[in-house]
Amino acid sequence: MKVLIIGGGGREHALAWSCAQAARVSQVLVAPGNAGTAREPKVHNAAVAAEDTAGLVALAARERVDLTIVGPEGPLVAGVVDAFEQAGLKCFGPRRAPAQLEGSKAFTKEFLSRHRIPTARSATFTQASFDEGWVRAQRTPLVVKASGLAAGKGVVIAASLTEALAAARAMFAGQFGAAGNEVVVEEFLPGEEASFIVMADGEHILPLASSQDHKRLQDGDAGPNTGGMGAYSPAPVVTPAQHQRIMREVIEPAVRGLCADGMPYTGFLYAGIMVAPDGTPNVLEFNCRLGDPETQPLLMRLESDLTALCEAALAGRLDQVSAAWDPRAALGVVMAAAGYPDQVRTGDVIEGLARAAALPGKIFHAGTRLAGDRVLTSGGRVLCAVGLGDSVGTAQTQAYQLIEPIHFRGMQLRRDIGYHAIRRERACGAAPGRD
Ligand code: AMP
């Protein structure tokens, strides 16, 4: 069996590595991939950009690919799955219409309110309809969001009304390009965040193990928002009761609602949830793909054949399969380039990868490229070191040990990934919890 992974980040390295574990998989192509996927057994890079829909379809047809899995949101929102389907090729991910759940926060807020799924109170504006009076009547802090895709950067948590108004005006003025043509302004929700990711086949739902990521750049959740500086699985905030609430109040109505709205959802569906102090699972956002870096620890724990799960979903048979998980916890720490998340410097030599490869755990590559024998930084998030352990605490120890030999100029990382879970573990002397 031949598999194609679309994308070139850490999530795609983890997807390629996971698919390559299956004995029936003979080859995994990654378009375009990175230095990590270039060196992975059974895995090969193909020099086709993730945005080049026609090139990807041609590649899959030429290479007789049996299954394609789409990593990033851009190609999904642009309709890559529709193009593969038209060419008679199997491609796991949502079509363009339901991918709007990620492509348009304005669409999602309307969808959530129509289907009575809990979320922050909000209003959506264009530059022409912007109502400063409405904003001035709100309590601070306020959250201002560019509606379209902004690589995780289009959200401003404004402490004051002045800041909120300035953020909205900057978005309308083109700070995030067309993504800011519509702006969502919503109330700030207190609570603890959790990522809840499922596979869906249009009708049935297979929840994946729970996970949680750290969005802020610096320790203690300080500094600017990023694409994610680390993640772990399972996330103890998702207790069995919380799991049931999220399924009943968020995921099931969302999948049913999309079907009722004439756009059945097949693919990974990621709900970013803020669990309120009273336990209400408020939706912060939907993503139409796996999270990065949640995928890296998540797939380290997946014992089932991911390709078989995707095939079952494409055949509408997700109710007939289950996913088996390593009971241990996994924790991933991102090593980011100098300047991230703003002006990123690239081209720095990464040292110590061979020494790290001899240690327990796994290093997934993200923004890396090969230059002869050397591996250079080529993006904001460069590597993700994933450790496994009987608790989130021991997984964290293994992940940081894995990082010790690694060095590149200006490397940035957090030293406290998993602290919420570790604090809980210490408080109740507990092992990882449930998925
Ligand atoms: P989003 O891309 O909408 O998930 O927002 C990015 C991050 O901003 C989230 O992971 C939260 O940490 C934060 N955030 C977004 N919306 C809210 C909200 N209404 N209240 C509090 N924090 C929020």
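Every number for a ligand or one of its atoms is a count from 1 in the order of the listing. It should be emphasised that the depicted structure is a prediction, and the values quoted were computed from it without experimental measurement. Worth knowing before you read on, the calculation uses all heavy atoms, side chains too, and leaves out hydrogens, waters and symmetry mates.
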Distance-only polar pair, side chains of [X] and [Y], donor-acceptor under 3.5 Å:
| X | Y | value |
| --- | --- | --- |
| Tyr270 | Ser195 | yes |
| Asp416 | His214 | no |
| Lys215 | Thr226 | no |
| Asp221 | Tyr419 | yes |
| Gln412 | Tyr340 | no |
| His420 | Gln212 | no |

Worksheet, complete the sentence: Note: Leu189, heavy atoms under 4.0 Å from ligand 1, region reported as both
Enumerate the atoms of ligand 1 whose separation from the nearest heavy atom of [X] is less than 4.0 angstrom.
| X | result |
| --- | --- |
| Glu186 | 16 (N), 17 (C), 18 (C), 19 (N) |
| Lys215 | 10 (O) |
| Lys145 | 3 (O), 15 (C), 16 (N) |
| Val143 | 16 (N), 17 (C), 18 (C), 19 (N), 20 (N) |
| Phe188 | 20 (N), 21 (C), 22 (N) |
| Lys105 | 1 (P), 2 (O), 3 (O) |

Among all protein heavy atoms, pick out the one at the shortest distance from [atom]; state its residue, atom name and that distance to 0.1 Å.
| atom | answer |
| --- | --- |
| atom 5 (O) of ligand 1 | Val155 CG2, 3.4 Å |
| atom 17 (C) of ligand 1 | Leu284 CD2, 3.5 Å |
| atom 14 (N) of ligand 1 | Ile157 CD1, 4.1 Å |
| atom 12 (O) of ligand 1 | Glu193 OE2, 2.4 Å |
| atom 7 (C) of ligand 1 | Asn225 ND2, 4.1 Å |

Fill in: Reported OG1-to-CG distance for the pair Thr394 and Leu388, which is rounded to 0.5 angstrom
9.0 Å
Item to complete: Report yes if some N/O of Ala120 lies less than 3.5 Å from some N/O of ligand 1; otherwise report no.
Response: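 No.
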Worksheet item: Think Lys105 forms a cation-pi with Phe107, using NZ or CZ under 6.0 Å from the six-ring centre and within 45 degrees of its axis?
Response: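 Negative - Lys105 is either too far from the ring of Phe107 or too far off its axis.
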Practice prompt. Measure from the ring center of Phe125 to the ring center of Phe172 and say whether it is less than 6.0 Å.
Written response: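 That pair fails the under 6.0 Å test.
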